[in-house]
Amino acid sequence: MELKDQNMDKFIFAGKSLNEIEKFMIDNNQSKFRAKQVFNWIYLKSVMTFEEMTDLPLTTRNFLQENAQIVSIRMKDKQISKDGTIKYLFEMEDSCFVESVLMRFDNRANLTACISTQVGCPMGCSFCATAKLGYKRNLSASEIIQQIILIQADTGLKVTNIVYMGQGEPLLNLDNVLESIKIFRENFQIGARRITVSTCGIIPAINRLADMNFQSTLAVSLHASDNETRKSIMPVSNKYPFDSLMETLKKYTEKTNRRVTIEYVLIKDINDSIEHAKKLAFAISRLKSNVNLIIYNPNEKSPYKKPIKENILKFKYILESSGKKVTIRLERGADIDAACGQLSSKTKKI
Ligand code: SAH
């Protein structure tokens, strides 16, 4: 590894494996043994300056100070909800923005971070604020993991669970998503089962995950029980129709022997009737799956409304009666626009 890369930027540690850090140290006449120390400071102790790496000799710290950086993205803004949820706005080197959300649940020790994989999103779901931003670019694996490094450094706490449910479609950036998962597992010691990747249903990418025997949880934003309804709110269904998606998911569960999570945003008068619930129960009856119902979160750019409580409970009841485990996703951070479908980086342009 060259001291500095082509554009003369400093060596960025975030996202590098121990081997890569060792190589960087050796190539620059530094002790290989120091690599592990730097690695631990960054990934396990969330330290953000070389000065704080107190077990390194001053010469090494000075060398790093001059020639390397820990991260390349910056926290630009932070909002705290009354329920404790924190929404972060991060700025990348090219002045693009993404948001991440940190959720703490009172009765659990878990700290769950919801991270972004793209700047904006190309999928165009009609109910989602992120879609309205349009699409700018994929995040690199390093930019994906830097969201967690910065969140941990900010809170001083260790993130225990990661959901790829922020801005963007993770399965359209699959190489970088998989690379970041590898880093979370190896460097941050976060287990595969504590990681969930959510997709709107990119069939070839789901097949690829099946082939590699993906061990994290796959969540699928289904949001409809037939192709017509789905097409009316999710343009992806024109390319990857409902029935093909169900077939693909079935093969996925058989191959990986893992349950998928079916996400279903309940939107008033669009997909929240008893009929829809029955059709959904039928469509997923032979699919190894749990259901996660999400109450539609209003955002200023979409015309939809929340379902009435009675419909939510009936919907849940019908699915449960069909034998499914059903949870209703707790709404987090709606007062700061941090809830599902509200991430629009609205204070800044992307
Ligand atoms: N592109 C991926 C990852 C985004 S996850 C995917 O589609 O799964 C974000 C989740 O929030 C998705 O299930 C998405 O459909 C859902 N969502 C989007 N807008 C929403 C809204 N207004 N209210 C509730 N959920 C919403």
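Both ligands and their constituent atoms are indexed starting at 1 by order of listing.
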Original post:
In the protein, which heavy atom is nearest to atom 6 (C) of ligand 1, and how far is it?
Top reply: S221 OG, 3.3 Å

Subject >> Nitrogen or oxygen of E169 less than 3.5 angstrom from that of ligand 1 >> reply: yes

Subject >> Sub-3.5 Å N/O-N/O distance, C121 and ligand 1 >> reply: no

Original post:
Less than 4.5 Å apart, any side-chain heavy atom of L222 and any of F242?
Top reply: yes

Subject >> Between OG on residue S225 and CD1 on residue I262, distance to nearest 0.5 Å >> reply: 12.0 Å

Original post:
How far is atom 14 (C) of ligand 1 from its nearest protein heavy atom, and which residue and atom is that?
Top reply: H223 NE2, 3.7 Å

Original post:
Which residue owns the protein heavy atom closest to atom 20 (C) of ligand 1, what's the atom, and how far is it?
Top reply: G341 CA, 3.3 Å

Original post:
Can you check whether F127 has an N/O within less than 3.5 Å of an N/O in ligand 1?
Top reply: yes

Original post:
Purely on distance, is any nitrogen or oxygen of N297 under 3.5 Å from one on ligand 1?
Top reply: yes

Original post:
So is there a nitrogen or oxygen of R329 less than 3.5 Å from a nitrogen or oxygen in ligand 1?
Top reply: no

Subject >> F50 ring center near F63 ring center (under 6.0 Å) >> reply: no

Original post:
Are the side chains of Q147 and Q152 in touch, meaning some heavy atoms are under 4.5 Å apart?
Top reply: no

